[in-house]
Enquirer: 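Have a look at the structure that comes next, please.
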Amino acid sequence: MTGPSASHFFVLAAALFCLGLYAALRRRNAVLILMGIEMMLNAANLNLVAFARYLHPDPAPGQSFAVFVMAVAAAEVAVGLAIVLALARRRKTVDVNEINLMGG
Amino acid sequence: MSWQLLAFYVLAAVMLYSAFRVATVPNVAHAAVYLAVTFVGMAGLFLLLQAEFLAAVQVLVYVGAVMTLLIFAIALSDPRSLKPDSGPWARQLLSLRWGFLPLGISLLLFALLLYAYGSSPLPEVTRGTPPGVKELGRVILTTYLLPFEVASVLLLAALIGALAIARSSREGAE
């Protein structure tokens with residue numbers, strides 16, 4: 001009985017990362033850009049856990065670092081959405097093309 | 001074909017489709033729902049990798065907390081953001097600025113990653129037993145105690161920072 005190999009997970013994680021990057025680059029809505037970043041972090045997590053499962057004698061360190069990545073992602077999305085809400089209140093837009101406060 | 005491989009392909013197909021829809025669907029709220037599907041699929045993949053604790057945390061943190069935050073942010077931000085992001089899909093794909101450039105960069109990165117995986121042989125390692133919650137907790141609180149403390153300080157800082165940023169703008173408007 002053969003389950004999915006390490007390469008299966010690596011290719012899927014790479015595809016998900018690139019789709020997240022595509023979403024983050026393509027979208028103009030700041031909330032959607034944050035969604036793309038979350039997807040990229042999640043794909044990196046999948047890579048981390050797959051490496052720990054298949055290519056390391058002890059999977060515990062890889063899984064613990066995946067937990068830390070989740071903590072960082074949660075903190076990032078909380079602060080990012082607070083900034084988006086502050087922008088939506090003050091500038092009445094979440095379009096990143098119109099947010100040029102520091103652009104001069 | 002074993003059931004693990006079948007489950008992997010089903011989960012991968014669902015996740016790739018919903019991840020693609022996150023990038024392309026016009027409605028912001030629909031994109032959030034597709035992102036939730038991707039997160040649930042990721043929890044299924046963690047189960048396939050025998051990381052049961054991570055699967056539970058994935059559902060709790062991403063589907064429970066992050067998705068709630070995102071949906072609240074969509075509801076609270078400008079109502080115009082709920083309207084379609086921009087014009088028809090085909091025109092966006094063909095436009096030089098918003099179609100080709102992100103697509104080209106993403107495809108280039110994907111090709112590079114595939115080339116890197118293909119050109120480097122994977123080492124043969126004796127696989128260890130997957131850690132349970134007990135073993136994971138022991139590792140986090142002994143070997144990785146410093147990253148754990150840094151993560152907790154980071155979460156506290158993010159909590160205070162998010163409160164300060166979201167509040168001050170309101171007081172400034174009054």
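Letters go in sequence order (proteins before strands), and every chain restarts at 1.
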Enquirer: With a 3.5 Å distance limit and no angle check, can you tell me whether A:Arg89 reaches the backbone of B:Ala166 through a side-chain donor-acceptor pair?
Expert: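 It does hold such a pair.
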Enquirer: Determine whether a donor-acceptor pair (N or O, by modelled atom type, separation under 3.5 Å) exists between the side chain of A:Arg53 and the backbone of B:Leu48.
Expert: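 Here the side-chain-to-backbone pair does not exist.
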Enquirer: What part of A:Leu46 gets closer than 4.5 Å to chain B, counting heavy atoms only: side chain, backbone, both or neither?
Expert: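 Both parts, backbone and side chain.
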Enquirer: Would you please classify the geometry between the A:Phe68 ring and the B:Phe148 ring as parallel, tilted or perpendicular, with 30° and 60° separating the classes?
Expert: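 Aromatic pair B:Phe148/A:Phe68 classed tilted.
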Enquirer: Atom CD of B:Gln4 and atom OG of A:Ser5: how far apart are they, to the nearest 0.5 Å?
Expert: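 Separation between the atoms: 12.5 Å.
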Enquirer: When rounded to the nearest 0.5 angstrom, what distance separates CG in B:Leu107 from SG in A:Cys18?
Expert: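 It is 7.5 Å, given to the nearest 0.5 Å.
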Enquirer: Please tell me whether B:Phe8 and A:Phe9 form a close aromatic pair, meaning their ring centres lie under 6.0 Å apart.
Expert: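 Judged by ring-centre distance (under 6.0 Å), B:Phe8 and A:Phe9 do meet the cut-off.
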Enquirer: Given heavy-atom pairs under 4.5 angstrom as the criterion, report whether the side chain, backbone, both or neither of A:Tyr54 touches chain B.
Expert: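 Looking at A:Tyr54, backbone and side chain both touch chain B.
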Enquirer: Contact between A:Phe10 and B:Leu122 at the side-chain level, heavy atoms closer than 4.5 Å - yes or no?
Expert: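 Yes, their side chains come closer than 4.5 Å.
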Enquirer: For A:Pro59 and B:Pro130, work out which heavy atoms get closest and say how close.
Expert: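 That closest heavy-atom pairing would be CG-CA, 4.1 Å.
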Enquirer: Decide if atom OH of B:Tyr117 counts as having more than 12 heavy atoms of other residues, nucleotides or ligands within a radius under 6.0 Å.
Expert: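 Count over threshold, so yes.
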Enquirer: Looking at every heavy atom in both A:Leu16 and B:Ala19, which two are closest together, and how far apart are they?
Expert: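 So the minimum-distance heavy-atom pair works out to CD2-CB, 3.7 Å.
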Enquirer: Considering all heavy atoms of both residues, which atom of A:Arg26 and which atom of B:Thr24 are nearest to each other, and what is their separation?
Expert: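 Shortest heavy-atom separation between A:Arg26 and B:Thr24 comes out as NH1-CA, 3.8 Å.
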Enquirer: To the closest 0.5 Å, what do you measure between CZ (B:Phe53) and CD (A:Gln63)?
Expert: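 Here the rounded value is 9.5 Å.
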Enquirer: Which pair of heavy atoms, one from A:Arg27 and one from B:Val22, lies closest together, and at what distance?
Expert: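 For A:Arg27 versus B:Val22, the nearest heavy atoms are NH2-O, 2.8 Å.
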Enquirer: Rounded to the nearest 0.5 Å, how far does OH of B:Tyr62 lie from CG of A:Asn42?
Expert: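 So the CG of A:Asn42 and the OH of B:Tyr62 are separated by 4.5 Å.
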Enquirer: Can you name the closest pair of heavy atoms from B:Pro102 and A:Leu25 and give their distance?
Expert: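 Distance-wise, the nearest heavy atoms are CB-CB, 3.6 Å.
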Enquirer: Measuring heavy-atom distances to chain A, does B:Leu136 have an atom under 4.5 Å in its side chain, in its backbone, in both, or in neither?
Expert: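 For B:Leu136, the side chain is the part near chain A, not the backbone.
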Enquirer: Using 0.5 Å steps for rounding, measure from the CG atom of A:Asn45 to the CG atom of B:Leu45.
Expert: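 So the gap between those two atoms works out to 12.0 Å.
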Enquirer: Could you state the interatomic distance from CG (B:Leu49) to CG (A:Leu48), rounded to the nearest 0.5 Å?
Expert: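 B:Leu49 atom CG to A:Leu48 atom CG measures 11.0 Å (nearest 0.5 Å).
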